[in-house]
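Read the structure below first, then the notes.
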Amino acid sequence: MTDKSEEIIRVEGVSFAYDGVEALVDISLSVLRGDFLAVIGPNGSGKTTLLKIMVGLLRPQRGRVWLFQQPLETFNQWHRIGYIQQKATNFDPIFPISVAEVIAASLNSVRRPPSGRRAPVRKKILEALQTVGLEKEAGKSMNSLSGGQQQRVLIARALATEPEILLLDEPTTGVDYPSQQNFYDLLGKLNQQQHLTIVLVTHDYGIVNRHVNRVACLNQKLFYHGDHSEFCQSDRFRELLQGGHHLISHRH
Amino acid sequence: MSGDLILSSLFLRGLLAGGCLALACGLLGVFLVLRRDAMISHGLSHVAFAGVALGLALNLMPVIFSIAVCLLGSLLIIRLKEQARLPGDTALALLSSAGLALAVLLMSLKKDFGAELMSYLFGDILAIGPSEIYLAAGLAVLVSAGISLNLSRLIFMMFDREAASVSGLGLKKLDRLLVMMSAVTIVLGLRIVGLLLVTGLTVIPAASALQLARNFRQTLFFSCLFSLLSILGGISLAYVFNLPASAAIIFLALVIFALAYLLKRRY
(Lines give C-alpha, C1' and ligand atoms only; values in the text may rest on other atoms or scores of the structure.)
Protein backbone atom coordinates (compact mmCIF):
# COMPACT_ATOMS: atom_id res chain seq x y z
CA MET A 1 0.00 0.00 0.00
CA THR A 2 1.43 3.39 -0.92
CA ASP A 3 0.73 6.38 1.25
CA LYS A 4 -0.16 9.06 -1.28
CA SER A 5 0.03 11.83 1.30
CA GLU A 6 3.67 11.02 2.09
CA GLU A 7 5.92 13.93 1.25
CA ILE A 8 8.87 12.72 -0.83
CA ILE A 9 10.38 16.15 -1.51
CA ARG A 10 9.69 19.44 0.26
CA VAL A 11 11.26 22.67 -0.93
CA GLU A 12 10.72 25.65 1.36
CA GLY A 13 11.59 29.27 0.59
CA VAL A 14 14.49 28.33 -1.69
CA SER A 15 16.43 31.08 -3.48
CA PHE A 16 19.55 30.68 -5.61
CA ALA A 17 21.76 33.09 -7.57
CA TYR A 18 24.70 32.47 -9.93
CA ASP A 19 27.32 35.18 -9.21
CA GLY A 20 24.62 37.58 -8.03
CA VAL A 21 22.18 36.82 -10.89
CA GLU A 22 18.97 35.42 -9.44
CA ALA A 23 17.93 32.06 -10.82
CA LEU A 24 15.31 31.13 -8.23
CA VAL A 25 13.40 33.37 -5.83
CA ASP A 26 11.56 32.04 -2.79
CA ILE A 27 10.39 28.72 -4.23
CA SER A 28 8.21 26.46 -2.08
CA LEU A 29 6.66 23.24 -3.33
CA SER A 30 6.21 19.64 -2.40
CA VAL A 31 6.16 16.32 -4.23
CA LEU A 32 3.93 13.59 -2.82
CA ARG A 33 4.33 9.85 -3.29
CA GLY A 34 2.86 8.78 -6.62
CA ASP A 35 2.96 12.29 -8.13
CA PHE A 36 4.00 12.85 -11.74
CA LEU A 37 5.10 16.48 -11.53
CA ALA A 38 6.04 18.41 -14.67
CA VAL A 39 8.26 21.44 -14.03
CA ILE A 40 7.74 23.81 -16.95
CA GLY A 41 8.91 27.30 -17.84
CA PRO A 42 10.86 29.23 -20.49
CA ASN A 43 14.61 28.88 -21.08
CA GLY A 44 16.63 30.27 -18.17
CA SER A 45 13.64 30.08 -15.81
CA GLY A 46 15.59 28.09 -13.22
CA LYS A 47 14.07 24.63 -13.86
CA THR A 48 17.42 22.80 -14.00
CA THR A 49 18.69 24.78 -10.99
CA LEU A 50 15.64 23.71 -8.98
CA LEU A 51 16.13 20.05 -9.91
CA LYS A 52 19.83 20.20 -9.02
CA ILE A 53 18.94 21.72 -5.64
CA MET A 54 16.41 18.92 -5.06
CA VAL A 55 19.07 16.23 -5.55
CA GLY A 56 21.78 18.04 -3.61
CA LEU A 57 24.04 18.98 -6.54
CA LEU A 58 23.59 22.66 -5.66
CA ARG A 59 23.18 24.21 -2.21
CA PRO A 60 20.41 26.83 -1.93
CA GLN A 61 21.59 30.19 -0.65
CA ARG A 62 18.29 30.62 1.20
CA GLY A 63 15.62 28.14 2.17
CA ARG A 64 15.70 24.41 2.88
CA VAL A 65 15.03 21.08 1.20
CA TRP A 66 13.75 17.82 2.75
CA LEU A 67 14.00 14.43 1.07
CA PHE A 68 11.82 11.67 2.52
CA GLN A 69 11.21 13.98 5.53
CA GLN A 70 14.93 14.26 6.24
CA PRO A 71 16.86 17.52 5.83
CA LEU A 72 18.97 17.38 2.66
CA GLU A 73 22.13 18.17 4.66
CA THR A 74 21.86 14.89 6.58
CA PHE A 75 20.12 12.75 3.93
CA ASN A 76 22.13 9.67 2.95
CA GLN A 77 19.63 7.21 1.45
CA TRP A 78 20.55 8.06 -2.12
CA HIS A 79 19.51 4.63 -3.38
CA ARG A 80 15.90 5.87 -3.04
CA ILE A 81 16.52 8.51 -5.72
CA GLY A 82 17.02 8.06 -9.46
CA TYR A 83 18.35 11.01 -11.46
CA ILE A 84 18.84 11.58 -15.16
CA GLN A 85 20.57 14.82 -16.04
CA GLN A 86 20.07 17.11 -19.03
CA LYS A 87 21.90 15.89 -22.16
CA ALA A 88 22.75 12.64 -20.37
CA THR A 89 23.11 10.91 -23.73
CA ASN A 90 25.86 13.37 -24.75
CA PHE A 91 28.45 11.10 -23.16
CA ASP A 92 31.97 10.70 -24.45
CA PRO A 93 31.62 8.99 -27.87
CA ILE A 94 34.90 7.09 -27.42
CA PHE A 95 33.88 5.67 -24.03
CA PRO A 96 33.85 1.88 -24.50
CA ILE A 97 30.94 0.56 -22.48
CA SER A 98 28.19 -1.98 -23.06
CA VAL A 99 24.56 -1.52 -22.08
CA ALA A 100 24.91 -4.13 -19.30
CA GLU A 101 28.06 -2.41 -17.99
CA VAL A 102 26.26 0.96 -17.75
CA ILE A 103 23.66 -0.59 -15.46
CA ALA A 104 26.08 -2.85 -13.56
CA ALA A 105 28.39 0.08 -12.73
CA SER A 106 25.53 1.94 -11.06
CA LEU A 107 24.04 -1.16 -9.44
CA ASN A 108 27.34 -2.19 -7.87
CA SER A 109 28.14 1.36 -6.74
CA VAL A 110 24.94 2.44 -5.05
CA ARG A 111 24.77 1.60 -1.39
CA ARG A 112 21.54 -0.19 -0.60
CA PRO A 113 20.28 -1.41 2.74
CA PRO A 114 20.90 -5.12 3.31
CA SER A 115 17.82 -7.17 2.51
CA GLY A 116 16.98 -10.81 3.01
CA ARG A 117 16.70 -11.62 -0.69
CA ARG A 118 19.00 -9.94 -3.15
CA ALA A 119 18.69 -10.81 -6.80
CA PRO A 120 21.99 -11.37 -8.61
CA VAL A 121 23.26 -8.34 -10.51
CA ARG A 122 22.79 -10.01 -13.91
CA LYS A 123 19.15 -10.80 -13.16
CA LYS A 124 18.50 -7.22 -12.03
CA ILE A 125 20.09 -5.84 -15.18
CA LEU A 126 17.89 -8.03 -17.39
CA GLU A 127 14.76 -7.13 -15.42
CA ALA A 128 15.51 -3.41 -15.76
CA LEU A 129 16.16 -3.80 -19.48
CA GLN A 130 12.94 -5.78 -19.91
CA THR A 131 11.01 -2.91 -18.32
CA VAL A 132 12.28 -0.53 -21.00
CA GLY A 133 12.04 -3.11 -23.81
CA LEU A 134 15.78 -3.42 -24.44
CA GLU A 135 16.60 -6.87 -23.05
CA LYS A 136 18.10 -7.97 -26.37
CA GLU A 137 20.59 -5.08 -26.38
CA ALA A 138 22.39 -5.95 -23.11
CA GLY A 139 25.67 -6.87 -24.79
CA LYS A 140 25.67 -4.04 -27.32
CA SER A 141 27.92 -1.01 -27.09
CA MET A 142 26.15 2.15 -25.83
CA ASN A 143 27.52 4.06 -28.80
CA SER A 144 25.79 1.74 -31.27
CA LEU A 145 22.30 2.62 -29.93
CA SER A 146 20.00 5.42 -31.11
CA GLY A 147 19.40 8.47 -28.88
CA GLY A 148 15.99 7.10 -27.87
CA GLN A 149 17.44 3.71 -26.94
CA GLN A 150 20.24 5.35 -24.95
CA GLN A 151 17.60 7.27 -22.96
CA ARG A 152 15.85 4.00 -22.20
CA VAL A 153 19.11 2.45 -21.00
CA LEU A 154 19.56 5.38 -18.61
CA ILE A 155 16.02 4.85 -17.31
CA ALA A 156 16.85 1.13 -16.88
CA ARG A 157 20.00 2.12 -14.99
CA ALA A 158 17.96 4.31 -12.67
CA LEU A 159 15.26 1.62 -12.21
CA ALA A 160 17.76 -1.15 -11.46
CA THR A 161 18.58 0.39 -8.08
CA GLU A 162 14.83 0.36 -7.26
CA PRO A 163 14.39 4.07 -6.55
CA GLU A 164 11.17 5.49 -5.13
CA ILE A 165 11.42 8.73 -7.08
CA LEU A 166 12.84 9.50 -10.51
CA LEU A 167 13.96 13.04 -11.38
CA LEU A 168 14.62 13.81 -15.04
CA ASP A 169 15.93 17.00 -16.62
CA GLU A 170 14.69 17.48 -20.20
CA PRO A 171 15.44 13.85 -20.97
CA THR A 172 14.39 13.83 -24.63
CA THR A 173 16.65 16.62 -25.90
CA GLY A 174 17.99 15.51 -29.28
CA VAL A 175 15.63 12.52 -29.53
CA ASP A 176 13.25 12.15 -32.51
CA TYR A 177 9.51 12.78 -32.01
CA PRO A 178 8.22 9.15 -32.07
CA SER A 179 10.96 8.12 -29.60
CA GLN A 180 9.96 11.04 -27.37
CA GLN A 181 6.35 9.82 -27.33
CA ASN A 182 7.43 6.25 -26.52
CA PHE A 183 9.70 7.56 -23.78
CA TYR A 184 6.95 9.59 -22.10
CA ASP A 185 4.51 6.68 -22.44
CA LEU A 186 7.06 4.56 -20.58
CA LEU A 187 7.30 7.19 -17.81
CA GLY A 188 3.49 7.25 -17.61
CA LYS A 189 3.41 3.47 -17.28
CA LEU A 190 6.06 3.49 -14.54
CA ASN A 191 4.08 6.11 -12.66
CA GLN A 192 0.71 4.38 -13.05
CA GLN A 193 1.66 0.71 -12.77
CA GLN A 194 4.73 0.76 -10.54
CA HIS A 195 3.66 3.84 -8.53
CA LEU A 196 7.01 5.47 -9.18
CA THR A 197 7.02 9.15 -8.21
CA ILE A 198 8.35 11.27 -11.09
CA VAL A 199 9.61 14.85 -11.34
CA LEU A 200 10.18 15.89 -14.95
CA VAL A 201 11.70 19.15 -16.15
CA THR A 202 10.45 19.55 -19.68
CA HIS A 203 9.84 21.73 -22.70
CA ASP A 204 7.54 19.13 -24.23
CA TYR A 205 4.47 19.79 -22.14
CA GLY A 206 2.26 19.13 -25.18
CA ILE A 207 3.48 15.53 -25.38
CA VAL A 208 3.79 14.78 -21.71
CA ASN A 209 0.66 16.41 -20.27
CA ARG A 210 -1.56 13.36 -20.63
CA HIS A 211 0.62 11.56 -18.12
CA VAL A 212 1.22 14.23 -15.47
CA ASN A 213 -1.03 14.96 -12.51
CA ARG A 214 0.84 17.98 -11.08
CA VAL A 215 2.41 21.02 -12.69
CA ALA A 216 4.92 23.58 -11.43
CA CYS A 217 5.22 26.62 -13.68
CA LEU A 218 8.47 28.45 -13.05
CA ASN A 219 10.15 31.64 -14.14
CA GLN A 220 12.59 32.46 -11.36
CA LYS A 221 9.45 32.58 -9.16
CA LEU A 222 6.86 29.86 -8.90
CA PHE A 223 3.81 31.05 -10.86
CA TYR A 224 1.71 27.94 -10.47
CA HIS A 225 1.98 24.73 -8.49
CA GLY A 226 -0.97 22.41 -8.36
CA ASP A 227 -3.16 19.93 -10.22
CA HIS A 228 -2.68 19.48 -13.93
CA SER A 229 -6.43 19.67 -14.60
CA GLU A 230 -6.80 22.94 -12.67
CA PHE A 231 -3.73 24.30 -14.47
CA CYS A 232 -5.41 23.71 -17.84
CA GLN A 233 -8.40 25.84 -16.71
CA SER A 234 -6.21 28.59 -15.28
CA ASP A 235 -5.41 32.05 -16.60
CA ARG A 236 -1.74 31.11 -16.41
CA PHE A 237 -2.25 28.33 -18.95
CA ARG A 238 -4.16 30.67 -21.31
CA GLU A 239 -1.42 33.30 -20.97
CA LEU A 240 1.18 30.73 -21.85
CA LEU A 241 -0.85 29.57 -24.84
CA GLN A 242 -1.18 33.16 -26.09
CA GLY A 243 2.53 33.57 -25.60
CA GLY A 244 3.07 30.94 -28.27
CA HIS A 245 4.29 28.23 -25.94
CA HIS A 246 3.84 24.64 -26.96
CA LEU A 247 1.30 23.90 -24.24
CA ILE A 248 -1.64 21.94 -25.55
CA SER A 249 -4.06 20.32 -23.18
CA HIS A 250 -4.78 16.72 -23.88
CA ARG A 251 -8.40 15.71 -23.43
CA HIS A 252 -8.92 12.45 -21.60
CA MET B 1 71.85 -18.08 -26.63
CA SER B 2 68.39 -18.94 -25.23
CA GLY B 3 70.02 -20.74 -22.28
CA ASP B 4 72.05 -17.64 -21.56
CA LEU B 5 68.92 -15.52 -21.66
CA ILE B 6 67.01 -17.63 -19.18
CA LEU B 7 69.94 -17.86 -16.84
CA SER B 8 70.69 -14.19 -16.91
CA SER B 9 69.47 -12.76 -13.63
CA LEU B 10 69.66 -9.24 -15.05
CA PHE B 11 67.33 -10.17 -17.86
CA LEU B 12 64.93 -12.07 -15.56
CA ARG B 13 64.84 -9.20 -13.10
CA GLY B 14 64.03 -6.85 -15.96
CA LEU B 15 61.22 -9.08 -17.18
CA LEU B 16 59.72 -9.45 -13.70
CA ALA B 17 59.82 -5.73 -12.92
CA GLY B 18 58.63 -4.94 -16.44
CA GLY B 19 55.70 -7.36 -16.13
CA CYS B 20 54.58 -5.71 -12.89
CA LEU B 21 54.88 -2.25 -14.43
CA ALA B 22 52.98 -3.42 -17.52
CA LEU B 23 50.03 -4.52 -15.41
CA ALA B 24 49.87 -1.24 -13.48
CA CYS B 25 50.31 0.92 -16.61
CA GLY B 26 47.82 -1.13 -18.63
CA LEU B 27 45.10 -0.73 -16.02
CA LEU B 28 45.73 2.90 -15.09
CA GLY B 29 46.28 4.06 -18.66
CA VAL B 30 42.66 3.33 -19.58
CA PHE B 31 41.41 5.59 -16.81
CA LEU B 32 43.87 8.37 -17.59
CA VAL B 33 43.08 8.37 -21.32
CA LEU B 34 39.30 8.30 -20.84
CA ARG B 35 39.46 11.08 -18.22
CA ARG B 36 41.50 13.22 -20.65
CA ASP B 37 44.23 13.03 -18.01
CA ALA B 38 46.87 11.48 -20.28
CA MET B 39 49.32 14.29 -19.54
CA ILE B 40 49.13 13.73 -15.80
CA SER B 41 51.82 11.08 -16.16
CA HIS B 42 53.99 13.63 -17.99
CA GLY B 43 53.54 16.17 -15.17
CA LEU B 44 53.98 13.65 -12.37
CA SER B 45 57.07 12.15 -13.96
CA HIS B 46 58.80 15.54 -13.63
CA VAL B 47 57.78 15.72 -9.98
CA ALA B 48 59.07 12.16 -9.49
CA PHE B 49 62.33 13.19 -11.15
CA ALA B 50 62.74 15.97 -8.60
CA GLY B 51 62.04 13.38 -5.88
CA VAL B 52 64.82 11.16 -7.22
CA ALA B 53 67.21 14.13 -7.30
CA LEU B 54 66.29 15.02 -3.70
CA GLY B 55 66.76 11.41 -2.62
CA LEU B 56 70.18 11.22 -4.26
CA ALA B 57 71.23 14.60 -2.83
CA LEU B 58 70.22 13.54 0.69
CA ASN B 59 71.67 10.03 0.27
CA LEU B 60 68.24 8.46 0.86
CA MET B 61 66.69 5.66 -1.22
CA PRO B 62 65.81 7.63 -4.38
CA VAL B 63 62.86 5.46 -5.48
CA ILE B 64 61.16 5.45 -2.07
CA PHE B 65 61.82 9.17 -1.66
CA SER B 66 60.50 9.79 -5.13
CA ILE B 67 57.25 7.93 -4.36
CA ALA B 68 56.68 10.16 -1.33
CA VAL B 69 57.41 13.38 -3.27
CA CYS B 70 55.25 12.23 -6.19
CA LEU B 71 52.31 11.41 -3.90
CA LEU B 72 52.57 14.87 -2.36
CA GLY B 73 52.79 16.37 -5.85
CA SER B 74 49.70 14.48 -6.98
CA LEU B 75 47.68 15.83 -4.06
CA LEU B 76 48.97 19.32 -4.80
CA ILE B 77 47.76 19.04 -8.42
CA ILE B 78 44.25 18.16 -7.19
CA ARG B 79 44.33 21.04 -4.71
CA LEU B 80 45.43 23.51 -7.39
CA LYS B 81 42.65 22.30 -9.69
CA GLU B 82 40.00 22.54 -6.99
CA GLN B 83 41.01 25.56 -4.98
CA ALA B 84 43.03 27.81 -7.30
CA ARG B 85 40.40 27.16 -10.01
CA LEU B 86 43.11 26.26 -12.49
CA PRO B 87 42.43 24.04 -15.49
CA GLY B 88 44.02 20.59 -14.99
CA ASP B 89 46.71 21.04 -17.67
CA THR B 90 47.79 24.41 -16.19
CA ALA B 91 48.12 22.88 -12.71
CA LEU B 92 50.23 20.11 -14.25
CA ALA B 93 52.41 22.59 -16.14
CA LEU B 94 53.05 24.52 -12.93
CA LEU B 95 54.08 21.46 -11.00
CA SER B 96 56.11 19.76 -13.73
CA SER B 97 58.14 22.96 -14.29
CA ALA B 98 58.73 23.23 -10.55
CA GLY B 99 59.85 19.58 -10.45
CA LEU B 100 62.31 19.90 -13.32
CA ALA B 101 63.66 23.23 -12.03
CA LEU B 102 64.32 21.65 -8.64
CA ALA B 103 66.09 18.65 -10.22
CA VAL B 104 68.32 20.93 -12.36
CA LEU B 105 69.13 23.12 -9.34
CA LEU B 106 70.09 20.12 -7.19
CA MET B 107 72.21 18.72 -10.00
CA SER B 108 74.16 21.98 -10.26
CA LEU B 109 74.65 22.18 -6.48
CA LYS B 110 75.76 18.55 -6.05
CA LYS B 111 77.49 17.43 -9.17
CA ASP B 112 78.47 13.93 -8.00
CA PHE B 113 75.14 12.25 -8.69
CA GLY B 114 74.51 13.69 -12.17
CA ALA B 115 75.25 10.44 -13.98
CA GLU B 116 72.92 8.38 -11.75
CA LEU B 117 70.16 10.98 -12.11
CA MET B 118 70.54 10.79 -15.88
CA SER B 119 69.66 7.08 -15.78
CA TYR B 120 66.20 8.15 -14.60
CA LEU B 121 65.87 10.37 -17.66
CA PHE B 122 66.05 7.43 -20.06
CA GLY B 123 65.42 4.52 -17.69
CA ASP B 124 67.54 1.42 -17.22
CA ILE B 125 65.48 -1.71 -16.79
CA LEU B 126 68.45 -4.05 -17.00
CA ALA B 127 69.99 -2.36 -13.95
CA ILE B 128 67.03 -3.15 -11.68
CA GLY B 129 68.17 -4.42 -8.28
CA PRO B 130 66.61 -7.40 -6.45
CA SER B 131 64.87 -5.18 -3.88
CA GLU B 132 63.25 -3.19 -6.65
CA ILE B 133 61.52 -6.35 -7.91
CA TYR B 134 59.64 -6.59 -4.60
CA LEU B 135 58.78 -2.91 -4.84
CA ALA B 136 57.49 -3.35 -8.40
CA ALA B 137 55.41 -6.37 -7.40
CA GLY B 138 54.04 -4.52 -4.38
CA LEU B 139 53.05 -1.52 -6.50
CA ALA B 140 51.44 -3.73 -9.13
CA VAL B 141 49.36 -5.49 -6.45
CA LEU B 142 48.43 -2.12 -4.93
CA VAL B 143 47.26 -0.63 -8.23
CA SER B 144 45.43 -3.80 -9.33
CA ALA B 145 43.65 -4.04 -5.98
CA GLY B 146 42.81 -0.34 -5.95
CA ILE B 147 41.22 -0.58 -9.38
CA SER B 148 39.51 -3.96 -8.91
CA LEU B 149 37.91 -2.99 -5.60
CA ASN B 150 36.60 0.28 -7.03
CA LEU B 151 35.99 -0.73 -10.64
CA SER B 152 32.22 -0.17 -10.74
CA ARG B 153 32.48 3.13 -8.89
CA LEU B 154 35.25 4.33 -11.20
CA ILE B 155 33.30 3.37 -14.34
CA PHE B 156 30.12 5.03 -13.03
CA MET B 157 32.03 8.21 -12.13
CA MET B 158 33.77 8.46 -15.50
CA PHE B 159 30.70 7.65 -17.57
CA ASP B 160 28.23 9.94 -15.79
CA ARG B 161 29.81 12.07 -13.07
CA GLU B 162 26.61 13.93 -12.18
CA ALA B 163 24.47 10.80 -11.74
CA ALA B 164 27.31 9.19 -9.76
CA SER B 165 27.40 12.23 -7.49
CA VAL B 166 23.63 12.04 -6.88
CA SER B 167 23.91 8.35 -6.03
CA GLY B 168 26.13 9.29 -3.09
CA LEU B 169 29.55 8.22 -4.42
CA GLY B 170 32.52 10.01 -2.86
CA LEU B 171 33.88 11.41 -6.12
CA LYS B 172 36.72 13.37 -4.54
CA LYS B 173 38.03 10.22 -2.86
CA LEU B 174 37.94 8.36 -6.17
CA ASP B 175 39.74 11.26 -7.94
CA ARG B 176 42.46 11.14 -5.28
CA LEU B 177 42.77 7.38 -5.51
CA LEU B 178 43.36 7.53 -9.27
CA VAL B 179 45.93 10.32 -9.06
CA MET B 180 47.80 8.66 -6.19
CA MET B 181 47.90 5.32 -8.00
CA SER B 182 49.24 7.19 -11.05
CA ALA B 183 51.96 8.72 -8.87
CA VAL B 184 53.34 5.39 -7.62
CA THR B 185 53.13 3.79 -11.06
CA ILE B 186 55.02 6.66 -12.63
CA VAL B 187 57.91 6.41 -10.18
CA LEU B 188 58.32 2.77 -11.20
CA GLY B 189 58.00 3.74 -14.85
CA LEU B 190 60.71 6.35 -14.34
CA ARG B 191 63.14 3.63 -13.24
CA ILE B 192 62.29 1.39 -16.18
CA VAL B 193 61.65 3.58 -19.25
CA GLY B 194 62.70 6.96 -17.85
CA LEU B 195 61.18 10.42 -17.53
CA LEU B 196 61.09 11.08 -21.25
CA LEU B 197 59.10 7.98 -22.22
CA VAL B 198 56.95 7.14 -19.20
CA THR B 199 53.94 9.04 -20.59
CA GLY B 200 54.01 6.84 -23.69
CA LEU B 201 53.97 3.73 -21.57
CA THR B 202 50.82 4.77 -19.71
CA VAL B 203 49.00 6.14 -22.76
CA ILE B 204 49.88 4.09 -25.87
CA PRO B 205 48.63 0.62 -24.77
CA ALA B 206 45.33 2.15 -23.59
CA ALA B 207 44.98 4.07 -26.86
CA SER B 208 45.57 0.81 -28.79
CA ALA B 209 42.98 -1.00 -26.65
CA LEU B 210 40.40 1.69 -27.44
CA GLN B 211 40.78 0.90 -31.15
CA LEU B 212 39.57 -2.68 -30.68
CA ALA B 213 37.53 -3.04 -27.49
CA ARG B 214 33.74 -3.05 -27.47
CA ASN B 215 33.23 -2.71 -23.73
CA PHE B 216 35.10 -1.57 -20.65
CA ARG B 217 36.35 -4.94 -19.47
CA GLN B 218 37.74 -5.72 -22.93
CA THR B 219 39.49 -2.34 -22.89
CA LEU B 220 41.22 -3.15 -19.60
CA PHE B 221 42.19 -6.61 -20.87
CA PHE B 222 43.61 -5.38 -24.21
CA SER B 223 45.43 -2.49 -22.52
CA CYS B 224 47.19 -4.85 -20.07
CA LEU B 225 47.94 -7.33 -22.86
CA PHE B 226 49.45 -4.65 -25.14
CA SER B 227 51.38 -3.17 -22.24
CA LEU B 228 52.82 -6.61 -21.38
CA LEU B 229 53.69 -7.35 -25.01
CA SER B 230 55.41 -3.96 -25.38
CA ILE B 231 57.45 -4.19 -22.19
CA LEU B 232 58.42 -7.86 -22.30
CA GLY B 233 58.99 -7.77 -26.07
CA GLY B 234 60.92 -4.50 -25.81
CA ILE B 235 63.20 -5.84 -23.06
CA SER B 236 63.86 -9.02 -25.06
CA LEU B 237 64.68 -7.04 -28.22
CA ALA B 238 66.94 -4.74 -26.22
CA TYR B 239 68.78 -7.70 -24.68
CA VAL B 240 69.22 -9.61 -27.93
CA PHE B 241 70.11 -6.67 -30.19
CA ASN B 242 71.82 -4.53 -27.57
CA LEU B 243 69.34 -1.65 -27.93
CA PRO B 244 68.19 0.88 -25.31
CA ALA B 245 65.26 -0.93 -23.61
CA SER B 246 63.09 2.19 -23.16
CA ALA B 247 63.20 3.02 -26.89
CA ALA B 248 62.52 -0.61 -27.87
CA ILE B 249 59.49 -0.73 -25.51
CA ILE B 250 57.96 2.48 -26.82
CA PHE B 251 58.54 1.55 -30.49
CA LEU B 252 56.91 -1.82 -29.93
CA ALA B 253 53.93 -0.11 -28.24
CA LEU B 254 53.65 2.23 -31.24
CA VAL B 255 53.76 -0.70 -33.69
CA ILE B 256 50.92 -2.37 -31.75
CA PHE B 257 48.94 0.90 -31.88
CA ALA B 258 49.43 1.14 -35.65
CA LEU B 259 48.28 -2.49 -36.10
CA ALA B 260 45.23 -1.95 -33.86
CA TYR B 261 44.34 1.20 -35.78
CA LEU B 262 44.64 -0.57 -39.15
CA LEU B 263 42.61 -3.53 -37.87
CA LYS B 264 39.85 -1.18 -36.69
CA ARG B 265 39.72 0.54 -40.09
CA ARG B 266 39.51 -2.79 -41.84
CA TYR B 267 36.67 -4.27 -39.76
Side-chain angles (χ1 to χ4, degrees), chain A residues 48 51-52 54-58 67 72 75-112 121 138-144 150 153-155 157-158 160-161 163 165-169, chain B residues 26-27 29-38 85 147-174 177 203 205-226 257 260-261 264 267:
Chain A
T48 295
L51 206 71
K52 286 190 171 181
M54 284 175 170
V55 295
L57 286 170
L58 292 173
L67 298 174
L72 183 66
F75 183 77
N76 60 4
Q77 298 169 358
W78 294 104
H79 62 277
R80 301 175 82 177
I81 291 176
Y83 170 70
I84 297 178
Q85 71 188 79
Q86 199 175 22
K87 295 179 185 161
T89 55
N90 284 5
F91 50 83
D92 186 348
I94 68 158
F95 202 99
I97 192 163
S98 70
V99 168
E101 281 179 330
V102 168
I103 302 170
S106 155
L107 204 51
N108 291 327
S109 300
V110 174
R111 272 194 216 130
R112 281 163 294 152
V121 168
K140 284 195 176 166
S141 161
M142 259 311 252
N143 290 313
S144 68
Q150 288 173 346
V153 174
L154 296 179
I155 289 280
R157 179 183 72 183
T161 57
I165 182 169
L166 198 56
L167 299 104
L168 308 100
D169 189 358
Chain B
L27 290 172
V30 173
F31 294 90
L32 297 184
V33 168
L34 288 174
R35 279 163 61 93
R36 307 288 192 272
D37 259 347
R85 285 184 154 195
I147 287 181
S148 311
L149 293 174
N150 293 288
L151 187 59
S152 288
R153 284 186 279 270
L154 288 168
I155 295 175
F156 193 15
M157 173 178 79
M158 292 199 308
F159 181 69
D160 191 342
R161 198 172 169 90
E162 206 163 292
S165 174
V166 171
S167 73
L169 285 195
L171 300 188
K172 283 189 177 177
K173 274 188 196 160
L174 288 173
L177 177 77
V203 171
S208 310
L210 284 173
Q211 305 302 309
L212 303 177
R214 292 189 180 151
N215 59 48
F216 203 87
R217 276 167 208 279
Q218 268 184 20
T219 313
L220 289 177
F221 172 76
F222 281 134
S223 183
C224 287
L225 179 71
F226 296 155
F257 175 78
Y261 173 72
K264 183 193 183 183
Y267 297 103

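The chains referred to below are lettered A, B, ... by the order of the sequence lines, with proteins before strands, and numbering in each begins at 1.
- Ranked by heavy-atom pairs under 4.5 Å with chain A, the list A163(B), A209(B), S165(B) is led by A163(B).
- Looking at R214(B), the atoms closer than 4.5 Å to chain A (heavy atoms on both sides) all sit in the backbone: N, CA, C or O.
- Residue I81(A) touches chain B through its side chain alone, counting heavy-atom pairs closer than 4.5 Å.
- Contact annotation for L210(B): only side-chain heavy atoms (C-beta onward) come within less than 4.5 Å of a heavy atom of chain A.
- In this structure, chain B has no heavy atom under 4.5 Å from any part of V99(A).
- Taking each heavy atom of D92(A) and L34(B) in turn, the nearest pair found is OD2-O, 4.0 Å.
- Both the backbone and the side chain of I94(A) come within contact range of chain B, with heavy atoms under 4.5 Å apart.
- In this structure, S152(B) and A104(A) approach most closely via the heavy-atom pair OG-O, 4.2 Å.
- The two residues I155(B) and A105(A) have their closest heavy-atom pair at CG2-CB, 3.9 Å.
- Under a cut-off of 6.0 angstrom, the local environment of OH in Y261(B) is sparse, with at most 12 non-hydrogen atoms contributed by other residues, nucleotides or ligands.
- At a threshold of 4.5 Å between non-hydrogen side-chain atoms, the residues V166(B) and Q85(A) do not count as touching.
- Here the CZ atom belonging to F159(B) is positioned 7.0 Å from the CZ atom belonging to F95(A), to the nearest 0.5 angstrom.
- Formation of a donor-acceptor pair under 3.5 Å by the Q218(B) side chain with backbone atoms of P96(A) is not found in this model.
- Both the backbone and the side chain of M158(B) come within less than 4.5 Å of a heavy atom of chain A.
- Nearest heavy atoms, W78(A) versus G168(B): CD1-CA, 3.8 Å.
- Residue contact with chain B, scored on non-hydrogen atoms closer than 4.5 Å, involves the side chain of K52(A) exclusively.
- For R36(B), the part lying under 4.5 angstrom from a heavy atom of chain A is the side chain only.
- Closest of all the heavy-atom pairs between R217(B) and E101(A) is N-OE2, 3.1 Å.
- In this structure, the ring-ring contact (aromatic ring centres under 6.0 Å, His included) partners of F31(B), at least two apart in sequence or on a different chain, are F216(B).
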